[in-house]
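This report refers to the structure that appears directly beneath it.
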Amino acid sequence: TEAELRLWRSFPYGDTVEYLSGDSDLDDPARAAEWDDSRTIRSSVIAALALGACKPIPGRTAGVRIIGARIVGQIELRHGQIDVPLTMRRCRIEDTLRFDEAVTKSIDLTGSHTGRIMAEGAHVRGSLKLDEVHVNGGDDFALHLDELTVDTDLSARKLRCTGPLCLIGAQIGAVLD
């Protein structure tokens, strides 16, 4: 899709791709059902980029950097080596994010609405930002972060979860906020 092509082209340069309409009410991820297809990205595209399908431009810091997109499908990164930062701010992530036992750079989901976040045994080499995130776990875990290691900060101000949250054995290197 055009939305995916924009992300693919921006990734090697580390540029942020905004899919916002300019209407702050409509851009609320809670209203993602009203967003048109120009804002939709398949999870498989994000996973492919995160796992190295596209090489960075020399001298630039590649990264998945998205604002205001609807992401469809489960983001499957279990056991992966993710050498780029993942930023999905103010997005609607309609399914589960799977980071179990992955090693990743920083992850920023600020202001997003997501399905479950599963990161048991994951290692974040940087920060994990969950500020103002709404996680819908239904009857299952909303956040399953057992044995998670975050090298720097875990920020979860105004985090809202539907379903249990589990951080047994998690290690935060600097600040838990």
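Worth saying up front: this structure is predicted, and the values here are computed from it rather than measured. All heavy atoms count here, side chains included; hydrogens, waters and symmetry mates do not.
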Should Glu2 and Asp37 count as side-chain neighbours, where that means a heavy-atom distance under 4.5 Å? no

Quick one, Leu77 and Arg98 - any side-chain contact, counting heavy atoms below 4.5 Å? no

How long is the straight-line distance from OG of Ser106 back to CG of Asp151, given to the nearest 0.5 Å? 9.0 Å

Do any N or O atoms from the side chain of Ser43 and from the backbone of Val72 form a donor-acceptor pair under 3.5 angstrom? yes

Set out, in order, the CA-CA distance, both residues' side-chain angles and the distance that settles side chain to side chain donor-acceptor pair (under 3.5 Å) for Asp23 and Ser21, then state yes or no. CA-CA 5 Å; Asp23 178 336; Ser21 70; 5.4 Å; no

Of all the heavy-atom pairs spanning Pro12 and Lys55, show the shortest one and how long it is. CB-O, 3.4 Å

Would you say the side-chain atoms of Thr96 pair up with the backbone N or O of Met118, donor to acceptor, closer than 3.5 Å? no

For a quick check under 3.5 Å, do Asp153 and Ser155 share a side-chain donor-acceptor pair by atom type? no

Rounded to the nearest 0.5 Å, the NE2 atom of His113 sits from the CD atom of Glu132 at a distance of 9.5 Å

Can any side-chain N or O of Glu4 pair as donor or acceptor with the backbone N or O of Arg42 at less than 3.5 Å? yes

Check whether any side-chain N or O of Asp100 sits under 3.5 Å from a backbone N or O of Arg78 as a donor-acceptor pair, and report yes or no. no

Do Leu145 and Phe141 sit in the same hydrophobic cluster, where Ile, Leu, Val, Met, Phe, Trp and Tyr count as joined when their side-chain heavy atoms come under 4.5 Å apart? no

When every non-hydrogen atom of Glu76 is compared with those of Ala47, the smallest separation belongs to O-CB, 3.8 Å

Output the distance between atom CZ (Arg160) and atom NZ (Lys158), rounded to the nearest 0.5 Å. 10.5 Å

Verify the cluster assignment for Trp35 and Val17: are they in a single hydrophobic cluster under the rule of side-chain heavy atoms below 4.5 Å apart? no

Tightest non-hydrogen contact, residues Cys91 and Gly68, listed as SG-N, 3.8 Å

Is there a path from Leu176 to Leu148 through hydrophobic residues (I, L, V, M, F, W, Y) whose side chains come within less than 4.5 Å of each other? yes

So if you build clusters from Ile, Leu, Val, Met, Phe, Trp, Tyr with side-chain heavy-atom gaps below 4.5 Å, do Leu159 and Leu154 land together? yes

With distance as the sole test, does Arg6 use its side chain to make a donor-acceptor pair with the main-chain N or O of Glu18 at under 3.5 Å? yes

Minimum heavy-atom separation for Thr40 and Arg70, please, with both atom names. OG1-NH2, 2.7 Å

Is a side-chain donor-acceptor pair under 3.5 Å present for Asn136 with His134? no

Hydrophobic clustering (ILVMFWY, side-chain heavy atoms < 4.5 Å, transitive) - are Phe99 and Leu165 grouped together? yes

Would you compute the distance between atom CD1 of Ile107 and atom CZ of Arg125 and round it to the nearest 0.5 angstrom? 12.5 Å

What distance separates Asp146 CG from Cys166 SG, expressed to the nearest 0.5 Å? 3.5 Å

Quick check against the 3.5 Å criterion: does Arg65 have a side-chain atom that pairs as donor or acceptor with the backbone of Thr87? no

State whether the side chain of Thr152 and the backbone N or O of Gly126 hold a donor-acceptor pair below 3.5 Å, judged by distance alone. yes

For residues Asp108 and Thr110, is any side-chain donor paired with an opposing acceptor at under 3.5 Å? yes

Side chains of Leu97 and Thr114, heavy atoms from C-beta outward: is any pair under 4.5 Å? yes

Side chains of Tyr19 and Ile41 in contact at under 4.5 Å (non-hydrogen atoms): yes

Could you grab the distance from atom CG of Asp28 to atom CD of Glu34, nearest 0.5 Å is fine? 9.5 Å

Is any side-chain heavy atom of Leu7 less than 4.5 Å from a side-chain heavy atom of Ile46? yes

Identify the heavy atoms of Cys161 and Leu143 that sit nearest to each other, and give their distance. SG-CD1, 3.8 Å

In short, Phe11 meets Cys54 closest at the heavy-atom pair CE2-O, 3.0 Å

Minimum side-chain heavy-atom gap Leu86-Ile75 below 4.5 Å: no

Got Ile93 and Leu109 here, is their nearest side-chain heavy-atom distance under 4.5 Å? yes

With a 4.5 Å cut-off on side-chain heavy atoms, are Arg39 and Asp27 touching? yes

Can you check whether Arg90's main-chain N or O pairs, donor with acceptor, with Ser112's side chain at less than 3.5 Å? yes

Residues, nucleotides or ligands: over 12 heavy atoms within 6.0 Å of Asp139 CG: no

